[in-house]
Amino acid sequence: MIRNPYSSMASGGADKRIKMLIVDDESVICEGLHYTIDWEELGVEVVGEAYDGQEALRLVAEQNVDLLLTDIRMDGMDGLELAARLRQDHPEVQVVMISGYEDFGYARQAIRLGVNDYLLKPVDIEELTDVVKKIVQGIRVRQNESSGQEIKLWLLGMARHGTAYGKEAPPSLQGVQFRILATQLADFHERFANMEQERYETVQEAWLRGLHGHLEDASFRAVSVFDHDNLLITLLLSETRVKPKIWDDLLASAIPPLAPFEDGRIYCGASRIYENLADTADRCAEAARMMAYHVLEGRQVLLAGDDEELAAGRKLPDFNIAGTVQRLVSALFKQDQREVKTLVEEMFRFFRESRFLLAEIVKTYEELFALLRQRLRKSGMTGLDFGQQGQPDLNIYNSYAGLEAIVLKDLEELQRLIDKNGIDKSYWIIEKAKKFIIEQHRTDLKASEVASWLKITPSYFSYIFKQSTGKGFTEYMNEMRIEHAKDLLATTHDKVFEIADKVGYKEYKYFVSVFKSYTGMTPKEYRGLSVSKDAAADPNE
């Protein structure tokens, strides 16, 4: 995918004059070249005249000369030696050589030294003018490219690093008013994430052409950088003050269809208008923040302040994470893919209807997935350290459907692991057994009866029950019954033999024996201790 920033902004320094130095050991020739041609009309400023090569080198360094017009034959350092020194010390300086000698040897040396053109005396003014025009045009192109690249790097630094970037705006960046746009392709994961790089480059080019073409038709200048494959940051510049409504009306129609990719939509977040380029980092963050609210109503353009309007009265209801995890665990161990998908669809329907932002969904899902893995580990599962490394990239998964795809992918991997570990059947059997035990715990229930109800052998049931709960069937039943009995002793006035019957012990003495072995005291002693604690807690009684 395209990584290089792109800009269609003309350089702010486009009107800067090209600095030229005239060099000849005859002052009359220097003056003639200086005043015969209207250099100003060509966009050239003659910054001085030099009469030998050494003086020329000094003036080149002092005046930041762009173009040198020099004779080839001079006393001391001649034109060829001067060109060689310039190539070594000031390679950016363009050189036009003039000679009275029609000698191909000189011309060949001049070409090897990188001289731009070689003219013969007497100089034809029209020919010299044409040569200088071409050189000036080339210098301007390079200056614009250099200036544009500097601006793009600065803008990219502001977008990525914020105020910590700390660099001042390039001097060539001129304007009275500015605004930042953050644009993005909607439904990126579903439509573009798997597209071949070459084809995606054509998408980005179409994106840039459409956006810049409209803005520049409206007499705004624009410079854009890709902060991400699916995040374009654009700096708009106006050389005059424009009313906010004109800015807003422009943006309302500035985001075109993504031709020729009609199924692709672009949406935009726009910062407030500002006049101090030092505020650019904050405005970049503001524009990007606007886009988070796109999922709520699907507005194509969100202006600064729209987030407050969309957030007004938005109170997120609690999502039942524990209940959802319980239902997911059940569906996963049953290997019921349809039920898993239905649960995920219900979850995201809740998120949509409750107007969750994508980042809020990510946070909720992280909590859900952590609890889900915890429950699965308790069942004996291993190999659960997978899934998203860190938070998902919301520039890629920038829709409800994109995040839903992540959740389904994670749950499909869990189903695969459950199937691989081969514990799905036993886990589900034990879950059913636990529910049956709770319903029948007041009866004198035996392991063989539970196994019969489950239609499995008693020995297999005893094995998988111990593997799942860490306890034998009798121990598990006694713990559950004694906990129930402790609650009844502390909260009711029922007689002890009545409580024994309620929790499933038909023999009173056996109940007392089991109770004492688990608690270290008889049921009556436990009740007396509970009463004493309650009295101490409420001294008014």
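Ion pairing between R179 and D248 holds under the 4.0 Å rule for side-chain N and carboxylate O. A salt bridge links R299 with E297; the closest basic N to acidic carboxylate O contact falls under 4.0 Å. The pair R199-E196 does not count as a salt bridge, with every side-chain nitrogen at least 4.0 angstrom from each carboxylate oxygen.
The two residues S354 and L316 have their closest heavy-atom pair at O-CD2, 3.6 Å. When all heavy atoms of V295 and N398 are compared, the pair lying nearest together is CG1-O, 4.2 Å. The two residues L394 and V362 have their closest heavy-atom pair at CD2-CG2, 4.1 Å. Of all heavy-atom pairs between A281 and M158, the closest is CB-SD, 3.6 Å. M347 and L368 make their closest contact through SD-CD1, 4.1 Å (heavy atoms, listed as atom of the first residue, atom of the second, distance). Closest approach of S238 to F220, counting heavy atoms only: CB-CE2, 3.8 Å.
For the pair R283 (side chain) and S271 (backbone), a donor-acceptor distance under 3.5 Å is absent. With hydrogens and angles ignored, the 3.5 Å screen pairs a side-chain donor or acceptor of E286 with a backbone N or O of R272. No side-chain donor-acceptor contact under 3.5 Å links E439 to the backbone of F436. Between the R221 side chain and the G175 main chain, no donor and acceptor come within less than 3.5 Å of each other. Side-chain N or O atoms of N276 include none that pairs as donor or acceptor with a backbone N or O of D279 at under 3.5 Å. When atom types are taken as modelled, the side chain of S399 and the backbone of D187 share no donor-acceptor pair closer than 3.5 angstrom. Checked by atom type and distance alone, the side chain of E275 never pairs as donor or acceptor with a backbone atom of F178 at under 3.5 Å.
The environment of CZ in R327 is sparse: at most 12 heavy-atom neighbours from other residues, nucleotides or ligands sit within 6.0 Å. By the 6.0 Å contact criterion, CD on E449 is enclosed, its count of non-hydrogen atoms from other residues, nucleotides or ligands being greater than 12. In this structure, K363 places its NZ atom where only 12 or fewer heavy-atom neighbours from other residues, nucleotides or ligands lie under 6.0 Å away.
The six-membered or imidazole ring of F461 lies away from that of W453, with a centre-to-centre distance of 6.0 Å or more.
Looking at E404 and R352, their side chains come closer than 4.5 Å, going by heavy atoms from C-beta outward.
Figure legend: R481 and Y505 shown as a cation-pi pair, the cationic atom lying under 6.0 angstrom from the six-membered ring centre and within 45 degrees of its axis.
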Derivation of the ring pair (Phe, Tyr, Trp, His ring centres under 6.0 Å) call for F511 and F497
CA-CA 9 Å; F511 165 65; F497 73 86; over 10 Å; no
Yes or no on side chain to side chain contact (heavy atoms under 4.5 Å, CB included) for K486 and E483, after CA distance, side-chain angles and deciding distance?
CA-CA 5 Å; K486 286 163 64 177; E483 287 301 316; 3.3 Å; yes
